[in-house]
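Quick note on labels: first sequence line is chain A, next is B, and so on, each numbered from 1. Just so we're clear, the structure is a prediction, and the values are computed from it rather than from any experiment.
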Amino acid sequence: MIRTVFTHCHYCVCLCGVKVTVDNDEVTSIEPDRDNPYTWSDFCRKGKTAAETRKHPQRLMSPMKRVGERYVAATYEEAIADIASRLKRIIAEHGADAVGTYHGNPLGFSFAGSIFFAGLLDALGTGNRYWVGSVDQNNTHVVQQAMYGSELIAMPPDIDECKCFLLVGMDPAQSKFGWTEVVPNGWTRVLNAQAGGADVIVVDPRRSNSAERANTHLAVLPGQDWALLLGLLHVTFEERLERPATAVPLSGVGTLRSLALEADLEDLSARCGIPVPVIRDVARRFAKAPRAMCVMHTGVAHNLTGTIAEWLGNALNAVTDRLDTPGGRRFESGYMDLVKIFAGFAPPTTHRTRLRNLPAIAGFHALAELADEIITPGKGQIRAMIVAAGNPVVSGPDSAALDQAFAGLDLLVAVDTVQRESHRHAHWLIPGTHWLEREGLHALFAGIMDKPFAQYANQALPPPAGIREEWSFFTDLALAMDRPMFGKRGVNGFIRATRWLAHVTGRPQLAMNPRWVEWLLVASGRQLKYGDIRKHPHGWLYREKRYGDLAAAIRTPDKTVHCAPPAFVDECRRHLAEPRSLANPEFPLMMINRRTRESMNSWLNETPGLFEQLRSNSVEIHPQDAATLQLEDGAWTRVISATGAIELPVTISPGARPGVITIAHGWGSRIFDPGETLKAQSFGANRNKLVARTLLDPLSQTPAFNTTRVRLEPLHASAQVTMHASTSEEAAVS
Amino acid sequence: MSAPLRVAIVGSGPAGFYAANDLLKRDPASRVELFDRLPTPGGLVRSGVSPDHAARREVIATYERLAMASHRFRFHGNIEIGRQLTHEDLLRCHHAVIYACGSAGDRRLGIPGEDLPGSHAATSFVSWYNGHPDFAAQSFDLSCERAIVIGNGNVALDVARMLLLGHDRLHPTDVADHALRAFAESRIREVVVLGRRGAAQCAFTTPELLELGHHDLDVRVEHAASAGAKPAGRDARAYAVQLKLRLLDEYAARAALPDARRLVLRFLNSPLAIVGRDRVETLRVVRNRLVSGGRGDLVAESTGEISEITAGLVLRAVGYRGLPVVGLPFDAARGIVPNVGGRIVGENRRPMRGAYVAGWLKRGPSGVIGTNKGCSQETVACLLQDFAGDRLPIPDIDDQGTQRLLTERCPDRVDYLGWKKIDRHERLGGMDQQRLRVKLVDLQRMTAVASGRF
């Protein structure tokens with residue numbers, strides 16, 4: 001029987017509506033759902049090939065237990081009993097903090113998975129919680145907290161009305177404008193606005209595809225966006241180009257003004273590598289545009305100055321009246337008050353890390369600290385890890401150190417669809433599900449959508465026989481440990497009671513499940529009915545977008561937007577006082593990162609069907625640097641930093657700025673076959689091996705993924721031959 | 001236990017559909033029959049929403065599906081209550097009747113020359129370009145260079161936009177064929193939108209104003225009397241006004257586009273008279289100033305400064321107005337059926353048994369589509385209360401008898417299946433021409449398609 005199922009893709013925040021055709025438990029095609037009123041337009045190969053990912057040849061089909069150097073299949077009951085008893089023993093002997101946890105991006109795309117994982121963490125009672133956001137979006141949370149009073153106040157761009165785009169550290173031609181906001185078809189909409197006369201300014205050390213299309217491309221020096229943004233503020237204040245804020249009251253503008261005016265424009269220009277006249281011109285174009293926005297993405301975030309740059313960009317928006325105004329950063333209130341719910345339901349944790357005494361950001365500690373917390377002996381040392389849909393060894397800095405740390409754990413439990421690089425030392429492998437096998441409403445996305453939109457994702461196929469959804473495993477584990485799910489007494493009893501009721505009545509929907517949480521959240525907003533959302537299989541644009549909701553959502557004590565949080569001002573002054581960076585003869589090049597449309601971090605690079613032409617990352621280098629180093633296009637080179645070394649082929653590209661090389665992340669992550677019939681398989685090299693775990697943005701705790709100093713060494717011919725051989729052997733497996 | 005609740009709803013616009021779905025949901029045994037004068041459901045969603053805003057027509061489709069899924073719902077199109085069937089007929093077949101037939105009339109200006117050829121109600125113009133069968137035969141002379149739209153609500157902007165968008169932009173939409181042909185031959189280069197008061201008092205919404213910037217129109221703003229941007233406030237209303245003022249300032253500051261069609265938003269001007277020998281030639285207007293109205297509001301006051309605008313077409317967009325329904329009381333001053341929370345009341349404020357009202361006919365023509373949801377829910381709550389309290393008349397004709405009566409009195413009625421045939425026909429017709437749909441505008445042809453006699 002042929003069925004058609006409407007859902008949305010869950011790989012990236014484009015959330016493209018898809019139409020899945022299923023014939024007798026096989027997906028026969030995945031196409032864009034053209035009846036989705038909002039999201040389908042950016043449909044790409046990631047969604048097209050989702051069914052192949054689901055049927056990955058190395059997919060885990062049952063829990064696997066490590067026995068010596070091998071894995072053997074086990075039942076969930078065996079897995080849960082063993083894991084529960086080991087965790088209980090570790091907690092009894094060493095305390096709850098001895099259990100560390102990490103979850104990756106894919107878990108964030110499963111509402112049920114993320115909510116019930118949080119419930120398990122509260123059950124364990126550990127403060128040692130780590131997540132992927134700490135190597136990605138932490139700076140936005142820190143800035144949102146300080147300026148707007150909540151880590152969750154996101155402001156999606158109001159693209160269609162914008163007349164001047166200042167896009168810093170982003171490549172929307174690849175990312176489609178998605179990062180911490182949902183802006184379907186975002187880049188096309190920017191180009192449409194440009195065709196209608198809008199000004200597009202792209203700030204990026206690389207001449208990306210986006211930069212190619214911009215009216216102006218500013219090839220800023222890596223990590224110096226803050227200096228450029230402070231320069232723009234300097235000109236804005238000096239030339240009195242500010243606009244009074246109409247949507248929200250501001251505070252701290254005086255302090256910001258003094259800071260910006262005290263800074264020397266020539267000095268800022270020398271720091272960021274953009275000439276003074278260009279800074280002046282851009283500042284004027286931005287401030288004078290009737291409607292404008294400044295948006296910063298990962299190029300800014302993955303730096304030692306990511307927080308102050310994100311702040312200065314927000315401040316520029318604030319003082320030119322781009323907050324919650326048409327064409328600026330619009331606040332979307334969604335269908336429930338998430339900010340309020342989280343403020344009441346999950347008060348911020350006060351836990352600090354043992355070794356560096358750092359606070360949690362958005363509820364989680366920095367992945368950069370994890371390796372040391374595991375290897376350093378003492379009270380509170382992490383002895384067990386639960387890794388859910390995560391690949392921290394590849395996603396985080398100093399991969400070798402974390403890999404080594406994981407090798408020494410008493411217990412490593414990995415929940416995922418396949419055994420990845422980070423799961424090499426796992427004692428237990430627990431199968432995960434693919435989004436085609438799940439259903440649900442992702443209520444947490446409501447506030448990051450650029451239009452009021454809701455879509456209930458339908459299940460295309462059930463998980464393979466015997467595989468439980470992640471949320472169910474997390475719940476079962478908490479029950480088996482007899483620790484209260486969500487950290488609330490009585491929840492376990494309630495869950496058991498509903499399960500019993502479901503069992504005796506033969507109605508499985510009576511057992512407590514994630515739909516109940518989704519329903520509760522929607523009902524709490526008193527705007528939409530959960531049932532009505534489910535009745536819109538293609539998604540629902542539930543009202544017209546509107547302006548003016550930000551003022552009521554702000555949670556700073558005085559209800560103003562804080563334009564000059566003291567910690568940011570101090571950090572900015574510290575950077576201003578530091579000498580400009582000097583040439584480093586040992587590591588003369590700066591390594592930055594890039595986005596690739598078909599990649600999703602370390603998640604999909606080995607998926608059959610994607611990357612039909614070249615399946616690897618490479619070292620993108622400016623022709624001038626290539627000539628100096630006598631490197632030919634395609635030649636192999638060794639990239640060396642103070643932390644590590646990798647080997648990759650060279651791509652000579654006029655796009656990269658001289659002195660800057662680009663290597664995409666997420667590659668070089670092995671997929672193992674726990675059944676051992678196939679060899680481990682990987683493509684490209686993991687560039688995060690080069691990034692230090694100690695050098696962090698002090699405010700966001702983010703490592704210098706985009707400002708790591710390196711040098712290149714040509715590989716001898718013999719080494720190249722071995723490299724080719726090993727790669728092709730591994731690649732041949734696919 | 002009494003027999004299941006049976007309710008007739010008159011009018012299948014948003015208020016009618018919201019009421020139907022609310023009833024079906026809240027009383028799981030209830031049965032609803034939805035009547036419409038036209039063979040097509042939707043009311044103003046079909047004949048009011050602008051063709052270039054087609055996405056907003058989608059709301060009704062969802063509610064149609066919801067109602068049909070209950071299996072306790074029937075649609076009867078092409079039946080006029082008061083002609084083929086009376087209120088009494090309906091009450092013989094149902095416990096209650098909800099009137100949700102909206103405000104089909106329009107408000108008049110009350111100035112000389114209003115009935116000259118070339119002067120029309122904007123509501124007629126909207127119905128005409130949306131293919132309402134009653135208006136399909138009308139004609140609007142678009143051979144002049146300038147048109148004037150009087151009024152400062154979103155309908156005024158809809159009408160002005162439609163006059164200026166041009167054939168190419170309208171072709172892919174579901175605008176009626178006869179209107180598309182007329183727009184193709186239109187010679188209108190300029191539309192003046194007149195507002196009695198200042199820009200801060202206009203009832204345009206921000207998204208509508210923003211949208212004007214997306215078309216290649218030369219937007220001019222005159223006499224906006226904008227006080228400029230004020231410092232940040234937390235009052236959502238004040239903020240909305242500021243946003244509008246700022247957008248208008250922006251349009252005012254834009255360089256003129258001499259080759260583009262022009263839209264003039266002229267504030268602080270009231271029409272005095274429409275002047276012309278055989279047809280509209282000029283509009284005489286007076287300049288206003290704003291004075292305090294005494295209740296904290298600002299009202300327009302004439303300065304006595306009179307001028308004339310040459311125009312061949314004058315459309316008044318000063319509001320819809322409810323029309324009396326045969327057999328029901330009517331509040332002529334407000335253009336609504338007098339009611340308390342949706343219960344229709346007679347002269348002595350006593351409720352009429354089994355008679356209810358929802359939507360614009362209940363509260364007057366204001367609000368967006370969604371406003372009707374709460375309005376209909378209130379009415380339904382009263383109705384269910386009355387049903388529970390045995391205060392509804394008991395129908396003496398059963399369901400089978402009702403169907404017999406309908407067959408007898410309304411041989412040309414169009415049921416839901418018939419409407420779906422029309423819908424399909426229109427969509428397929430559109431596909432051939434790369435248009436959203438080609439609307440049927442002739443009642444006879446509609447009933448022929450609906451009955452499969454096509």
Side-chain angles (χ1 to χ4, degrees), chain A residues 35 37-38 158 160-163 189 192-193 195-198 243-251 253 288-291 318 321 323-328 330 333 451 527-529 531-554 559-561, chain B residues 18 21-22 25 53-59 61-69 154 205-217 228-255 257 368-371 373-374 377:
Chain A
D35 289 322
Y38 179 53
D158 188 27
D160 304 322
E161 311 302 342
C162 183
K163 291 291 177 197
R189 287 158 63 191
N192 287 345
R243 289 159 181 258
T246 48
V248 277
L250 307 181
S251 63
V253 178
K288 287 181 180 171
R291 303 194 289 275
D321 197 22
L323 299 181
D324 211 18
T325 52
R330 197 180 67 86
S333 58
K451 283 187 187 150
Q527 290 182 52
L528 303 184
K529 297 242 163 62
D532 286 352
I533 296 176
R534 293 193 64 163
K535 280 166 193 153
H536 291 75
H538 305 286
W540 187 16
L541 280 167
Y542 52 86
R543 62 170 147 73
E544 299 282 305
K545 75 176 180 191
R546 62 188 185 207
Y547 307 88
D549 287 333
L550 178 63
I554 285 181
K559 286 278 191 179
T560 67
V561 173
Chain B
Y18 284 132
N21 278 291
D22 202 42
K25 196 174 78 181
H53 290 165
R56 292 185 200 169
R57 298 202 207 285
E58 291 304 311
V59 260
T62 302
Y63 284 90
E64 264 179 47
R65 281 199 302 271
L66 278 179
M68 288 311 292
N154 283 340
T205 56
T206 305
E208 256 69 17
L209 276 178
L210 277 165
E211 193 194 330
L212 296 178
H214 290 281
H215 307 297
D216 291 323
L217 297 180
K230 295 185 193 78
R234 289 176 197 156
D235 176 352
R237 267 184 84 122
Y239 178 59
V241 171
Q242 276 183 46
L243 273 187
K244 284 192 270 184
L245 290 180
R246 203 165 96 184
L247 286 171
L248 291 168
D249 282 349
E250 236 178 70
Y251 287 128
R254 278 203 332 196
L257 303 167
V368 295
I369 294 174
T371 315
K373 196 171 185 179
Q377 284 172 348

(message) Does any backbone or side-chain atom of B:Arg56 lie under 4.5 Å from a heavy atom of chain A? Answer side chain, backbone, both or neither.
(response) side chain
(message) Sub-4.5 Å heavy-atom contacts with chain B: which residues of residues 541-549 of chain A show up?
(response) A:Glu544, A:Lys545, A:Tyr547, A:Gly548
(request) Name the member of A:Pro326, A:Gly197, A:Gly196 that forms the most heavy-atom pairs with chain B at distances under 4.5 Å. (result) A:Pro326
(request) May I ask you to decide whether A:Asp532 forms a salt bridge with B:Lys373, counting only side-chain N to carboxylate O separations under 4.0 Å? (result) yes
(request) Check whether any side-chain heavy atom of A:Val248 lies under 4.5 Å from a side-chain heavy atom of B:Tyr239, and answer yes or no. (result) no
(request) Please list, chain by chain and in numerical order, all residues satisfying side chain to side chain donor-acceptor pair (under 3.5 Å) with A:Tyr38, sequence neighbours excluded. (result) A:Asp450
(request) Counting only heavy atoms closer than 4.5 Å, note whether A:Pro290 contacts chain B via side chain, backbone, both or neither. (result) both
(request) Identify which part of B:Leu247 has an atom lying under 4.5 Å from any heavy atom of chain A, answering side chain, backbone, both or neither. (result) side chain
(request) Find out whether A:Glu161 and A:Arg330 are in side-chain contact, i.e. whether some heavy atom of one side chain is under 4.5 Å from a heavy atom of the other. (result) no
(request) Side chain from CB out, backbone as N, CA, C, O: work out which of these in B:Leu210 comes under 4.5 Å of a heavy atom of chain A, or both, or neither. (result) both
(request) To the nearest 0.5 Å, tell me how far B:Gln377 CD sits from B:Asp22 CG. (result) 4.5 Å
(message) Restricting to ring pair (Phe, Tyr, Trp, His ring centres under 6.0 Å), what partner residues turn up for A:His538, sequence neighbours left out?
(response) A:Phe6
(message) Which residues pass the side chain to side chain donor-acceptor pair (under 3.5 Å) test with A:Ser251, not counting sequence neighbours?
(response) A:Thr560
(message) Measuring from atom CG of B:Leu209 to atom CD of B:Glu250, what distance do you get when rounded to the nearest 0.5 angstrom?
(response) 10.5 Å
